[in-house]
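Note that the structure is predicted; figures quoted are calculated from it, not measured. All values below come from the heavy atoms of this structure, side chains included, with hydrogens, waters and symmetry mates left out.
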Amino acid sequence: MIQLYIPLNFLGVIYREIKQSLADMERLFSLLEQNREVADAKDAKPLQTHGARVTFSNVEFSYDPKRQILFDVDFTVPAGTTTAVVGHSGSGKSTLSRLLFRFYDVNSGSITIDGQDLRDVTQESLRHAIGIVPQDTVLFNDSIEYNIAYGKPGATKDEIVAAARAASIHDFIESLPDGYATTVGERGLKLSGGEKQRVAIARTLLKNPAILIFDEATSALDSKAEQAIQAELKEIAKSRTTLVIAHRLSTVADAQQILVLDHGRIVERGTHQQLLAADGLYAQMWERQQARKDEELKSPVEEAG
Ligand code: ATP
């Protein structure tokens, strides 16, 4: 019994960790079917997407009944457009993406994709329709080719190379000792944060999902790497419904819609220009961030230390 308990307990811990970080969720779900907190309805149908309009209607949510996290969250991401969510740490941004992926069910209200309630569709079809570029991509101890192909089981080498090129990581891979066969991950070559995100982008390009969730890394990449990732992201977000969970405001200015979350409520919404003109929380956050940037420029030595 104890023998059984330990690995199960261990899996439970890993499950919670990974679930929290949104990393590698598809693989995890296939490994730990029994741990799902939500189940398919008996008559669940495959999700049919036609452009993939995402709507949160009056969503209320709590992980723990004693503490509500989201209050009356109501917004639509029109098909093929980008919505960015900003707000202080703990305001509920990542929770929105966990709900869209249906890690949890809402307490009240609903989430729909092209009019279909997430609770009425099969989880397999839902997860097939959503691609995630997580904050911190987990790489398997396998070849870099395997790690990219994971986005589309059975992908051809040509498809893998095309995805790697589009994610601007092909040249880097070619420069590795064994090229695409190089082992990466914990026991192989360690990739930088930016390189890992590129692998995740290549995976997502192969998967070609109708909906994209981009959970921006909290640890800042250097600004050149960040700009490059932004450019690639823009490319894959084109013609896809995209939700960006933004931890830095510099990356959201182009979004068609920005939602400002504060303690689980949407307190402002609009484009970057509209929100600056409104002179509210977003404008304050923007000003603070600009001031911080100016400070960093003035004292690069301090920052390096
Ligand atoms: P950050 O910018 O720091 O990533 P966030 O805005 O994405 O923050 P969330 O991760 O959505 O915030 O968390 C919102 C609130 O929900 C936080 O107060 C957090 O402590 C709480 N929370 C998150 N995950 C769980 C969980 N599994 N169980 C209980 N509470 C949780």
Under 4.5 Å between any side-chain heavy atoms of [X] and [Y], yes or no?
{"X": "Ser57", "Y": "Asp74", "value": "yes"}
{"X": "Leu96", "Y": "Leu100", "value": "no"}
{"X": "Ile144", "Y": "Leu191", "value": "yes"}
{"X": "Thr204", "Y": "Pro209", "value": "yes"}
{"X": "Ile113", "Y": "Arg53", "value": "no"}
{"X": "Gln48", "Y": "Asp114", "value": "no"}

Specify whether Tyr150 and Phe140 have parallel, tilted or perpendicular ring planes, treating 30° as the upper limit for parallel and 60° as the lower limit for perpendicular. perpendicular
Within a 6.0 Å radius of atom NZ on Lys190, are there more than 12 heavy atoms belonging to other residues, nucleotides or ligands? yes
For Gln290, I'd like to know if atom CD has over 12 heavy atoms of other residues, nucleotides or ligands within 6.0 Å. yes
Given 3.5 Å as the limit, does a donor-acceptor pair link the side chain of Thr122 with the main chain of Asp40, or not? no
Under 3.5 Å, side chain of Gln116 to main-chain N/O of Val121, donor-acceptor pair present? no
Hphob cluster co-occupancy, [X] + [Y], side-chain heavy atoms under 4.5 angstrom:
{"X": "Ile258", "Y": "Phe214", "value": "no"}
{"X": "Val85", "Y": "Trp286", "value": "no"}
{"X": "Phe75", "Y": "Val260", "value": "no"}
{"X": "Leu281", "Y": "Phe71", "value": "no"}
{"X": "Ile130", "Y": "Val54", "value": "yes"}

Please determine whether side-chain contact (heavy atoms from CB on, under 4.5 Å) holds for the pair Leu70 and Glu60, giving the CA-CA distance in whole Å, both sets of side-chain angles, and the decisive distance to 0.1 Å. CA-CA 5 Å; Leu70 295 180; Glu60 310 258 330; over 6 Å; no
Please name all residues satisfying side chain to side chain contact (heavy atoms under 4.5 Å, CB included) with Ala246, sequence neighbours left out, ordered by chain then number. Val86, Glu216, Val244, Thr251, Val252
Applying salt bridge (charged side-chain N to carboxylate O under 4.0 Å, His left out), can you list everything that pairs with Asp117, at least two apart in sequence or on another chain? Arg119
For Glu145, which residues count as a salt bridge (charged side-chain N to carboxylate O under 4.0 Å, His left out) partner, sequence neighbours excluded? Lys157
Output the distance between atom [atom1] ([X]) and atom [atom2] ([Y]), rounded to the nearest 0.5 Å.
{"X": "Asp120", "Y": "Leu126", "atom1": "CG", "atom2": "CG", "answer": "11.5 Å"}
{"X": "Leu261", "Y": "Ile266", "atom1": "CG", "atom2": "CD1", "answer": "6.0 Å"}
{"X": "Ile132", "Y": "Arg127", "atom1": "CD1", "atom2": "CZ", "answer": "9.0 Å"}
{"X": "Phe56", "Y": "Leu118", "atom1": "CZ", "atom2": "CG", "answer": "7.5 Å"}
{"X": "Tyr104", "Y": "Leu99", "atom1": "OH", "atom2": "CG", "answer": "9.0 Å"}
{"X": "Asp254", "Y": "Thr271", "atom1": "CG", "atom2": "OG1", "answer": "11.0 Å"}

Val184 vs Glu195, test: side-chain contact (heavy atoms from CB on, under 4.5 Å). Steps then yes/no. CA-CA 11 Å; Val184 293; Glu195 287 153 2; over 6 Å; no
For a side-chain contact (heavy atoms from CB on, under 4.5 Å) check, start with the C-alpha distance between Tyr282 and Leu249, then their side-chain angles and the critical distance, and finish with the verdict. CA-CA 9 Å; Tyr282 182 87; Leu249 301 190; 4.2 Å; yes
Under the side-chain hydrogen bond (donor to acceptor under 3.5 Å, both in side chains) rule, what pairs show up with a residue in residues 77-93, not counting sequence neighbours? Thr83-Gln257
Check [X] against [Y] and note the closest heavy-atom contact, atom names and distance.
{"X": "Ala200", "Y": "Pro134", "answer": "CB-CD, 4.1 Å"}
{"X": "Ala283", "Y": "Leu275", "answer": "CB-O, 4.1 Å"}
{"X": "Ala166", "Y": "Leu205", "answer": "CB-CD1, 3.6 Å"}
{"X": "Val38", "Y": "Arg102", "answer": "CG2-O, 3.2 Å"}
{"X": "Ala52", "Y": "Ile211", "answer": "CB-CG1, 3.6 Å"}
{"X": "Ile69", "Y": "Gly92", "answer": "CG2-CA, 4.5 Å"}

If we count only N and O atoms by modelled type, under 3.5 Å, do the side chains of Thr95 and Tyr63 hold a donor and an acceptor together? yes
Quick one: do the Asn141 and Glu186 side chains pair a donor with an acceptor below 3.5 Å? no
By side chain to side chain donor-acceptor pair (under 3.5 Å), which residues pair with Lys238, not counting sequence neighbours? Glu235
Quick one: side chains of residues 170-180, donor-acceptor pairs under 3.5 Å with protein atoms, not counting sequence neighbours, listed by atom name and distance.
{"residue": "His170", "atom": "ND1", "partner": "Tyr180", "partner atom": "OH", "Å": "2.7"}
{"residue": "Ser175", "atom": "OG", "partner": "Phe172", "partner atom": "O", "Å": "2.6"}

Taking it one step at a time, do Glu268 and Asp262 satisfy side-chain contact (heavy atoms from CB on, under 4.5 Å)? CA-CA 9 Å; Glu268 289 171 26; Asp262 188 28; over 6 Å; no
